[in-house]
Novice: 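I'd like to ask you about the structure that follows.
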Amino acid sequence: MNEKVEKRRAAIINIAFFAIIAAIIYVFFKYCFFVAAPFLISFFFAVILQKPLRWLDKKTNKKLHTLWSVLLVVLSIIIILGPVIILLTLAARQIASFISYLVAQLNDMPAFLSTLEREVLDIIDFLPDSLYNTASSHVTEFFGNMIDNFDLSTLGIDVKTITNGVSNSITSVYNIVKNVPSALIAIVIGIVAWIFFTKDYNRIVGFIRLQLPEGKKNLLSEVKQIFSKTVLKMFRAYGLIMIITFCELMIGFSILRVTGILDNNYIAMIAIAIAIFDILPVAGSGGILIPWSLINLILGNFALAGGLMLIYIAITVIRQYLEPKIVGNTLGVHPIVTLAGLYFGLKLFGFMGMFIVPITVMTIKAFNDAGRIHLYKPPKRN
């Protein structure tokens with residue numbers, strides 16, 4: 001009897017422990033993360049700069065430690081902001097042009113609907129005459145109404161909606177402009193904190209270590225080691241996979257364009273979008289390439305449909321071969337867990353939660369597998 005009571009008590013304690021950990025994580029990301037973000041990001045970059053700073057200190061016997069710290073931070077900002085500003089400028093022009101292209105493509109929608117209507121009628125041609133006549137009349141009426149009334153109203157947009165949309169857009173722009181000063185303050189504080197963290201890294205880490213119990217003195221270095229060997233390794237691996245996928249798409253689209261099959265001036269932007277989409281669990285590049293191929297198949301663009309499917313097959317085969325070699329079993333988080341993280345992150349924290357929650361889950365798993373925390377029993381590897 002006592003044994004059963006003890007098991008129940010242990011189960012209740014474990015549940016309470018999980019609940020407390022989940023509550024702490026939720027409160028931190030809901031209310032504290034964005035406030036503490038400038039300092040967290042600054043400390044992260046300061047850790048990265050420690051290796052080159054130590055090398056420079058060794059060459060100058062630490063006589064220019066402060067100067068090197070400031071110069072490294074300034075150089076890092078230039079290296080980071082320079083390409084970012086250039087890319088954002090180019091992206092803004094391309095996005096504006098791409099939106100115009102999409103609007104122009106919308107004019108072809110009636111032709112697509114007509115083709116789709118014929119395809120649907122061919123599919124139901126096997127029905128008996130009585131059923132076919134009834135079904136075909138409904139299909140023809142449905143597509144006829146869509147084609148005849150294809151304007152802003154069929155897309156669920158009317159003058160009132162447009163007016164409200166413009167009003168909301170102006171309000172959103174105003175809110176963004178209103179928050180610019182606080183964002184600039186956060187950036188300035190983050191840069192100053194970055195310099196101090198870089199310059200006084202050893203002193204700050206040493207102070208934190210003094211506050212830890214005797215048996216936990218090496219906790220910070222162990223956490224840093226685990227983080228660099230797991231989470232950062234995973235980011236580098238999937239970054240490399242994104243680059244490989246982008247190159248595959250560019251090669252495939254370029255071949256289709258040179259051969260006259262694909263007439264599109266935005267292949268680079270489309271390739272970037274698909275490469276990013278490809279990283280998402282379950283979705284993958286097929287979430288864009290397969291529907292795109294099917295639409296062209298319905299429209300009778302058989303060469304483009306086949307070319308897109310070949311690109312998709314090539315990406316899938318190459319990724320299945322490369323991903324285990326590049327990523328390995330670094331974290332081994334099941335796609336359903338990542339998918340749940342995306343969903344709950346979106347519901348709990350908004351758009352940023354789609355990135356915060358999966359990364360948090362991966363980090364917790366990494367520390368649990370390394371034995372630094374004990375939230376669950378990891379499965380045995382074969």
Side-chain angles (χ1 to χ4, degrees), residues 9-48 172 175-176 178-194 196-197 201 204-205 207-213 215-228 230-232 234-235 280-281 331 333-378:
R9 184 180 299 170
I12 292 171
I13 292 172
N14 286 334
I15 292 171
F17 180 66
F18 276 114
I20 292 170
I21 295 295
I24 291 172
I25 293 172
Y26 175 77
V27 170
F28 174 76
F29 283 114
K30 187 72 174 180
Y31 302 105
C32 305
F33 177 76
F34 292 104
V35 176
F39 298 95
L40 295 174
I41 295 170
S42 299
F43 185 77
F44 173 75
F45 283 118
V47 173
I48 295 174
S172 300
N175 290 331
I176 292 171
K178 185 176 66 174
N179 290 325
V180 165
S182 61
L184 288 175
I185 291 171
I187 291 171
V188 172
I189 290 175
I191 292 172
V192 174
W194 188 1
F196 281 118
F197 279 137
Y201 176 80
I204 293 169
V205 172
F207 174 79
I208 296 173
R209 278 184 180 148
L210 285 174
Q211 316 311 311
L212 298 173
K216 304 291 184 181
K217 294 294 184 183
N218 295 323
L219 180 62
L220 288 177
S221 58
E222 290 178 11
V223 167
K224 178 183 171 183
Q225 194 174 25
I226 293 169
F227 193 82
S228 62
T230 53
V231 180
L232 292 182
M234 184 269 299
F235 281 124
L280 298 177
L331 293 176
V333 177
H334 195 277
I336 193 65
V337 178
T338 311
L339 189 64
L342 289 170
Y343 175 76
F344 288 115
L346 179 63
K347 289 295 183 181
L348 294 174
F349 309 111
F351 177 75
M352 288 301 297
M354 295 180 67
F355 302 93
I356 291 172
V357 173
I359 291 171
T360 303
V361 170
M362 293 174 184
T363 305
I364 290 172
K365 184 181 186 304
F367 288 123
N368 192 88
D369 291 349
R372 295 312 311 176
I373 58 176
H374 303 281
L375 292 179
Y376 62 90
K377 295 180 180 178

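Each residue takes its place number in the sequence, starting with 1.
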Novice: Tell me, please, which residues at least two apart from Phe196 pass ring pair (Phe, Tyr, Trp, His ring centres under 6.0 Å).
Specialist: none

Novice: Where does the angle between the aromatic ring planes of Phe45 and Trp194 fall among parallel (under 30°), tilted (30 to 60°) and perpendicular (over 60°)?
Specialist: tilted

Novice: Ala186 and Pro38: which non-hydrogen atoms are nearest, and at how many Å?
Specialist: O-CB, 3.8 Å

Novice: Determine the minimum heavy-atom distance between Phe197 and Phe39, stating which atoms define it.
Specialist: CE1-O, 3.5 Å

Novice: How would you list, by chain and number, every residue that makes a side chain to side chain contact (heavy atoms under 4.5 Å, CB included) with Ile187, sequence neighbours excluded?
Specialist: Ile191

Novice: Give a yes or no on whether Phe344 atom CZ has more than 12 heavy-atom contacts from other residues, nucleotides or ligands under 6.0 Å away.
Specialist: no

Novice: Within the distance-only criterion (no hydrogens, no angle test), does the side chain of Ser42 pair as donor or acceptor with the backbone N or O of Gly190 below 3.5 angstrom?
Specialist: yes

